[in-house]
Amino acid sequence: MKLHEYQAKDIFGKSGIPVPNGQVVTAVDQATKATQIINGPPWVVKAQVHAGGRGKGGGVKVVHYPYEVVTATESLLGKHLVTPQTGPEGVTVNQVLIEEGIEINSEYYLSMIVDRLTACPTMIFSQAGGTEIEEVAIKSSELILKEHIDPAVGWMMHNARNLLYSQEPPPPVGALTALMSVMANVYKIFMTLDCTLVEINPLALTKDRKVFALDAKINIDDNALFRQKELLLLDDPREKDPLELMAEKYHLNYIRLDGNIGAMVNGAGLAMATMDVIKMAGAEPANFLDVGGGATEDMITKGVEIILKDRRVKAILVNIFGGILRCDVLARGVVAAAKKTRIRVPLIVRLEGTNVKEGREILRNSELKFLVARDLGEAADLVSKQVAQ
Ligand code: GDP
Ligand code: MN
């Protein structure tokens with residue numbers, strides 16, 4: 001679950017990480033009032049969307065007159081914003097954050113993730129922060145420092161020192177205490193809120209050596225939301241892909257991707273393997289869809305419907321290993337979906353496992369046109385041939 005910048009900054013502020021004063025507005029007429037409460041000029045007007053790269057996409061405006069705060073708010077609210085991270089279709093801006101503008105001397109990058117190789121919470125710090133951090137990571141990766149934290153020991157002062165003193169020149173002496181405090185607090189937030197990401201870019205240093213989190217990103221591990229109930233209130237379903245939202249409603253594990261092969265699979269591991277095989281056969285998956293072990297006929301029907309709602313889909317590969325989910329249940333679900341929505345694309349089915357005979361029988365006796373594959377390799381070949389035609 002992703003939080004908005006203003007929600008993440010609220011958490012930062014309460015945890016002792018300095019953030020600029022600001023206010024969220026959802027209507028243009030609230031903007032004038034905001035300029036009276038918030039220090040300025042300058043003011044910064046920022047689109048609140050679950051996507052980065054806003055600076056490059058025109059979603060962050062630094063302005064110097066109160067009327068400009070209003071026009072900047074107007075130009076963002078309700079509009080479509082396209083950034084390097086939204087894809088060409090963009091996202092709708094429902095909320096705008098108006099903040100006091102901070103005079104920036106240096107822009108640092110600071111984040112915390114779980115590093116999969118070491119399985120450790122890992123802090124990443126760079127003195128070359130700002131909107132070009134992706135390019136820095138590619139072209140001069142030596143400027144990006146990583147520190148693994150032993151979760152059994154927790155955050156130690158030497159972790160901060162390793163990050164701050166490993167590069168010449170280190171940040172100015174007057175800023176070190178503030179930076180160490182921000183780092184310790186980022187670690188604390190990351191652990192206590194079950195985050196998958198905490199990111200501050202830029203972490204700004206002012207001329208008088210003050211440190212401010214000018215941007216804030218917090219992602220929460222969905223699997224930990226059962227014990228982070230108060231964070232659930234911060235969820236904003238408007239930011240989600242409508243198909244992903246529909247899938248969530250039916251407890252289907254669905255992620256939309258860019259390709260044109262719809263895939264319906266049971267089990268996350270098998271879903272990943274299926275995506276790999278589709279790619280190896282020269283095609284691209286349109287989605288990840290794990291219907292899970294306990295899928296019902298109705299869930300399967302909904303799964304097929306969701307896949308078909310994506311107009312880019314040119315073929316569907318159903319790859320089921322019948323275990324807890326029996327092949328006959330799957331087959332009935334697919335047939336029911338075909339009755340409800342005309343399946344306009346070739347369907348390739350590979351079934352194996354419990355009740356596979358019954359499953360194949362149900363498909364054969366249906367009016368459905370489909371191709372049966374004996375194994376996964378053949379299934380992928382059939383699929384890529386269908387889209388190549
Ligand atoms: P992102 O592009 O979505 O990551 O949005 P950011 O919040 O990082 O804003 C993009 C850029 O706007 C930052 O890298 C800063 O250079 C600039 N910016 C943001 N807040 C301020 C501010 O208070 N003062 C000034 N001068 N620039 C700011
Ligand atoms: Mn940023």
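Order of appearance sets the numbers: ligands from 1, and atoms from 1 within every ligand. The shown structure was predicted, so the numbers you read here are calculated from the model rather than taken from an experiment. Heads up: numbering here begins at 1 and tracks the sequence.
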Which atoms of ligand 1 have any heavy atom of [X] under 4.0 Å away?
X    : answer
G101 : 23 (O)
P202 : 8 (O), 13 (C), 14 (O)
K46  : 6 (P), 7 (O)
R54  : 1 (P), 2 (O), 3 (O), 5 (O), 6 (P), 7 (O)
G55  : 1 (P), 2 (O), 3 (O), 10 (C)

Shortest protein contact, [atom] (heavy atom only):
atom                    : answer
atom 4 (O) of ligand 1  : D215 OD2, 3.0 Å
atom 11 (C) of ligand 1 : T131 CG2, 4.0 Å
atom 15 (C) of ligand 1 : E107 OE2, 3.2 Å
atom 22 (C) of ligand 1 : V44 CG2, 3.4 Å

Sub-4.0 Å heavy-atom contact, G52 with ligand 1
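It does; at least one heavy atom falls under 4.0 Å.
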Strictly under 2.8 Å, is any N, O or S atom of T131 next to the Mn ion (ligand 2)?
no
Answer yes or no as to whether an N/O/S atom of E199 is found below 2.8 Å from the Mn ion (ligand 2).
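Checking E199: none of its N, O or S atoms is under 2.8 Å.
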May I ask you to decide if [Y]'s main-chain N or O and [X]'s side chain share a donor-acceptor pair within less than 3.5 Å?
X    : Y    : answer
N355 : E358 : no
T274 : L270 : yes
N253 : L289 : no

In D215, what N, O or S atom is nearest to the Mn ion (ligand 2), if we give its atom name?
OD2
ring-ring contact (aromatic ring centres under 6.0 Å, His included), paired with F125, selected from Y109, Y165, Y108
Y108
Does any N or O atom in G130 lie less than 3.5 angstrom from one in ligand 1, N or O only?
no
For ligand 1 and V62, I'd like to know whether there is a polar contact (N/O to N/O, distance under 3.5 Å).
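No; every N/O pair is 3.5 Å or more apart.
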Is a side-chain donor-acceptor pair under 3.5 Å present for [Y] with [X]?
X    : Y    : value
T301 : D298 : no
D236 : H4   : yes
T206 : D208 : yes

Is there a path of hydrophobic side-chain contacts, each under 4.5 Å between heavy atoms of I/L/V/M/F/W/Y residues, joining V24 to L231?
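No, separate clusters.
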Assess whether a salt bridge exists between R54 and E5, defined as any Lys/Arg side-chain N lying under 4.0 Å from an Asp/Glu carboxylate O.
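Salt bridge present between R54 and E5.
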Any salt bridge between D328 and K357, counting N to O under 4.0 Å?
no
Can you figure out which of I104, N201, L214 has its heavy atom closest to atom 8 (O) of ligand 1?
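Checking each option, the heavy atom nearest atom 8 (O) of ligand 1 is found in N201.
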On a heavy-atom basis, I'd like to know which of V60, L81, I102, V49 is closest to atom 12 (O) of ligand 1.
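Nearest option to atom 12 (O) of ligand 1, by heavy atoms: V60.
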Go through the steps to decide whether Y254 and I306 satisfy the test side chain to side chain contact (heavy atoms under 4.5 Å, CB included), and finish with yes or no.
CA-CA 9 Å; Y254 170 90; I306 290 169; 3.8 Å; yes
